[in-house]
Amino acid sequence: MKEFLEGFKRSHYCGDLNSTHIGQEVRVMGWVQRRRDHGGLIFIDLRDREGIVQLALDPERDPEAHSVAENVRNEFVMAAQGIVSPRPEGTINSNMKTGEVEIEINQLFILNKAKTTPFMIDDFADIAENLRLKYRYLDLRRPAIQKNILLRHQVTQAVRDYLNGQNFLDIETPILTKSTPEGARDYLVPSRVHPGAFYALPQSPQIFKQLLMVAGFDRYYQIVRCFRDEDLRADRQPEFTQIDCELSFVSQNDVMAIMEGLISHIFLQILGIAIEPPFRRMSFDEAMDRYGVDNPDVRFDLELINLSEIVKDAGFKVFGDVVKKGGQVKSINAKGCASFSRKEIDDLTEFVKIYGAKGLAWVKVTENNGWQSPIEKFFKPEELDSINKKLGAEPGDLLFFVADNIKIANEALGHLRVHLANKLDLLNSSNFSFVWITDFPLLEWDEEAKRYTAIHHPFTAPKDEDIPIMDSEPEKARAKAYDLVLNGSEIGGGSIRIHDQETQSLMFKLLNISPEEADEKFGFLLQALEYGAPPHGGIAFGLDRLVMLLTGSESIRDVISFPKTQKASCLLSSAPNTVADEQLQELSIRLTPRGKPLL
RNA sequence: GGGGCUGUAGUAGAGUUUGGUUACAACGCCGGCCUGUCACGCCGGAGGUCGCGGGUUCGAGUCCCGUCAGCCCCGCCA
């Protein structure tokens, strides 16, 4: 076969041929999408990564090639030579990119046969995902998935083009690195040379990229794999790819502006969509207040309205009591949804319970702005009027209320808002709405650990004006941190980092990390900060999520070549698997009986 | 750790509510026919441990218990 390919070279991709090639002799190679045998004439649709072209085999024109074609089956690998010809009148296929032409074949070779595939290689069938993942190399042949992977390549190219043009340097950082207990659970790799010691796979190159700033590289980027040993979701894999950036001598606005340039460049290059910077900006507090979440989908309204003040002293004791205990009553006006059935409303009630809400109160607004509702009788007419007014309620509207602590009320209605938008078909996946979320709190109280933890990470700088209150009112201190949210997905997040040793030490103190512990865990970073660390900051974008949104995919798995299942296994290779006793011995590892905790 | 959905020829489904003779049609596959099709067409054929294990019953794809796998979500995770 090697000798054959020495002499027989491909001239074009199948999918690239069109009427400009008419009259040329071309050579194509690819997989048989389908063979249509008319007894005499045989058509073969040959597919490669660029598309499909029709091969026409006429027994009179070339009996030898025609007889080869008689034995061809789906997914055979073929090499073909012939003349690109216009299709006869009336046989042009406008559904195909190459539909105006066909190749009149004069030489046809079978490069390899193929067994009947477990599923058809096309975009019509809806294949069970475990089967797709087991035969991922066949799944990846399907045009829709292949398109995603090709687009992913185009995105990384666009990223490199832009960042290279902005003087960023692509620098690699270690994959075998040190466990840092803050943040997600680490994937650990046992060391053979150091029995009992472990490397950790990086959750992000965070500390190393900061060290690159100390080293003076000034602008760094890396398209880099990161690892987090946490449970999976439709948009979460245990290994994922970040577009990781860090810059020296910049403010928060500098970072955001440069990254708006990057995102605009990507969208223009990939989708031809112009997105004009600056992007919309919104504080964390505003996002929580109006949308209930820190990753608001701003493609639609259905905003959350706080009714706490109105209902605090109103007739409905259940609402009033919640407010008096420090909770909130928030609501959504679903315009024109009064036609929802009892069943539909019950389903929505079940939906908010997922987020801890005890219930979902509702009101159907009737003619003359009256209420049809189980809670109607508890409100005086003037209370009812002021709620209607606050919500802009009109006849035909459906109002929802959640009364609970602030966290649950926000979360339940924030998710209900998106759920309703889906139900009402308000979401358009080809509409891209960006918003920066800024002014995050620096810290968050961890009830379980009885201490503060960093919302972003322990190296995030506080806002200058909040440094004085870090000690006295730590929960009120805000961070120089920012997330970029696209259509309700957090696609990137970053911060200005702490670059002086004193602030970093204060931060560790607030996090209840002792100097000894800090030294043991992050000593190398703290030392580096003492040798002339420049002010710096950066950001990381989730490449997988970005490509998912660019392709309109519903799962992150559809934009990753070899993804893992929800239980983090690879159905193709059967990873993870057990290993030989000898391997364990070399690593000084002894296993406990399966599933039993170590005593 | 928890909640929900799904599992029937190679594939995607119907059948499960109300247990009853040989589990149904489509696509694919195999054979035959067909010279302008393009998710070609026509004729014929093969193909099943109803995820797995146990139970109830005269009898289980169908009911019960357990278990495995995949998916969605909560917790967890930037």
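Just so we're on the same page: letters track the sequence lines, and every chain starts at 1. Worth saying up front: this structure is predicted, and the values here are computed from it rather than measured.
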Side chain of A/S204, backbone of A/Q206: donor and acceptor closer than 3.5 Å? yes
Any side-chain N or O of A/Q566 under 4.0 Å from OP1/OP2 of B/rC72? yes
Which is true for A/Q33 with a 4.0 Å heavy-atom rule: it touches a base, it touches only sugar-phosphate, or it touches nothing?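 Touches nothing.
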Check this for me: does the side-chain of A/R87 come within 3.5 Å of the base of B/rC38 through a donor and an acceptor? yes
Provide the distance between the two C1' atoms, one in B/rU62 and one in B/rU16, to the nearest whole Å. 4 Å
Considering every strand and a 4.0 Å limit on heavy-atom distances, what is the contact class for A/R36: base, sugar-phosphate, or nothing? base
Considering every strand and a 4.0 Å limit on heavy-atom distances, what is the contact class for A/D126: base, sugar-phosphate, or nothing? sugar-phosphate
For RNA chain B, determine which residues of residues 232-240 of chain A have any heavy atom closer than 4.0 angstrom to one of its atoms, and list them numerically.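 Only A/R233, A/A234, A/R236 qualify.
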Between B/rU8 and B/rG51, how far is it from one P atom to the other, in whole Å?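 So the two P atoms sit 6 Å from each other.
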Remember a base hit wins even if backbone is also touched, and classify A/R545 as base, sugar-phosphate or nothing at under 4.0 Å, heavy atoms. nothing
Base, sugar-phosphate or nothing for A/E129? Non-hydrogen atoms, less than 4.0 Å.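 The answer is sugar-phosphate, as A/E129 gets under 4.0 Å only of primed atoms, P, OP1 or OP2.
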Donor on one side chain, acceptor on other, A/N71 and A/R35, under 3.5 Å: no
Output every pair passing salt bridge (Lys or Arg N to Asp or Glu O under 4.0 Å) with a member in residues 51-66 of chain A, not counting sequence neighbours, ordered by first then second residue.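 Only A/R61-A/E104 qualify under salt bridge (Lys or Arg N to Asp or Glu O under 4.0 Å).
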Could you give the distance separating B/rG47 and B/rG2 at their C1' atoms, to the nearest angstrom? 42 Å
Which donor-acceptor pairs under 3.5 Å do the side chains of residues 568-575 of chain A make with protein atoms, sequence neighbours left out?
from	atom 1	to	atom 2	distance (Å)
A/S569	OG	A/T565	OG1	3.2
A/S573	OG	A/A575	N	3.4

If only atom types and distance count, is the side chain of A/R545 paired as donor or acceptor with the main-chain N or O of A/E490 below 3.5 Å?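 Yes: the side chain of A/R545 pairs with the backbone of A/E490.
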Separation between the P atoms of B/rA69 and B/rG59, rounded to whole Å: 32 Å
Please measure how far the C1' atom in B/rC72 lies from the corresponding atom in B/rG31, and state the result in whole Å.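 Approximately 45 Å lies between the C1' atom of B/rC72 and that of B/rG31.
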Near RNA chain B, counting only heavy atoms under 4.0 Å, which residues of residues 410-418 of chain A show up?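 Under 4.0 Å from RNA chain B: A/E411.
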Within the side chain of A/N112, is there an N or O that forms a donor-acceptor pair under 3.5 Å with the backbone of A/V77?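 Checking the backbone N and O of A/V77 against the side chain of A/N112, no donor-acceptor pair under 3.5 Å is found.
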Of the options B/rC77, B/rA39, B/rG36, whose atoms approach the side-chain atoms of A/E102 most closely?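 Between B/rC77, B/rA39, B/rG36, the one nearest the side chain of A/E102 would be B/rG36.
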Closest to side chain of A/N130, choosing from B/rG1, B/rA69, B/rA39: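 Per side-chain heavy atoms of A/N130, the pick is B/rA69.
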By the 4.0 Å heavy-atom rule, please label A/T565 as base, sugar-phosphate, or nothing.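 Counting heavy atoms under 4.0 Å across all strands, the contact made by A/T565 is with sugar-phosphate only.
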Base, sugar-phosphate alone, or nothing: which one does A/D45 contact when heavy atoms must sit under 4.0 Å apart? sugar-phosphate
From the list B/rC76, B/rA39, B/rC73, which nucleotide is the closest neighbour of the side chain of A/Y355?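 Looking only at side-chain atoms, A/Y355 lies closest to B/rC73.
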Scan A/I52 against the nucleic acid and name what it touches under 4.0 Å (heavy atoms): base, sugar-phosphate only, or nothing.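 Answer is nothing: A/I52 stays at 4.0 Å or more from every strand.
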Please examine the side chains of A/N74 and A/T117, heavy atoms only from C-beta on, and report whether any two atoms are closer than 4.5 Å.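 Not touching, per the 4.5 Å side-chain cut-off.
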Rounded C1' spacing from B/rG75 to B/rG28 in Å: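 It comes out at 43 Å once rounded to the nearest Å.
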Salt-bridge test for A/E239 and A/R228: reply yes if a basic N is under 4.0 Å from a carboxylate O, no otherwise. no
Between A/V402, A/L302, A/D404, which is the residue that forms a side-chain contact (heavy atoms from CB on, under 4.5 Å) with A/L413? A/V402
Does A/N95 offer a backbone N or O that forms a donor-acceptor pair with the side chain of A/N93 under 3.5 Å?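 Pair found, side chain donor or acceptor close to backbone of A/N95.
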Nearest to the side chain of A/R228 - B/rC77, B/rC38, B/rC74?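 For A/R228, the side-chain atoms sit closest to B/rC77.
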Please classify the nucleic acid contact of A/H457 as base, sugar-phosphate, or nothing, using heavy-atom distances under 4.0 Å. nothing
Is A/F119 stacked against the base of B/rU11, taking the criterion as centroid distance under 5.5 angstrom and interplanar angle under 30°?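 Base of B/rU11: not stacked against A/F119.
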For A/G40, is there any backbone N or O sitting under 3.5 Å from a side-chain donor or acceptor partner on A/H66? yes
For the atom pair CZ (A/R557) and CE (A/M548), what is the distance rounded to the nearest 0.5 Å?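 One finds 9.5 Å between CZ of A/R557 and CE of A/M548.
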Using a heavy-atom cut-off of under 4.0 Å over every strand shown, decide if A/P118 touches base, sugar-phosphate, or nothing. sugar-phosphate
Sugar-phosphate only, base, or nothing, as touched by A/S569 at under 4.0 Å among non-hydrogen atoms: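 The residue A/S569 makes sugar-phosphate contact but no base contact.
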Could you tell me how far B/rG15 sits from B/rA60 if I compare only their C1' atoms? Round to whole Å.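 These two C1' atoms come out 14 Å apart once rounded.
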Would A/Q54 and A/T98 count as having a side-chain donor-acceptor pair, cut-off 3.5 Å? no
Under 3.5 Å, side chain of A/D48 to main-chain N/O of A/G30, donor-acceptor pair present?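 Between the backbone of A/G30 and the side chain of A/D48 there is no qualifying donor-acceptor contact (under 3.5 Å).
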Below 3.5 Å between N/O atoms, which protein atoms pair up with nucleotides 5-9 of chain B? Just atom names and distances, please.
none

Which whole number of Å gives the distance between the P atom of B/rG20 and that of B/rC76?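 Straight-line distance between the two P atoms is 47 Å.
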Taking the side chain as everything from C-beta on, heavy atoms only, tell me whether A/M213 gets closer than 4.5 Å to A/Y220. yes
Expected rows: protein N/O vs nucleotides 24-29 of chain B N/O, under 3.5 Å:
from	atom 1	to	atom 2	distance (Å)
B/rC29	OP1	A/N74	ND2	3.4

Does a donor on one side chain sit under 3.5 Å from an acceptor on the other, for A/D544 and A/Q237? no
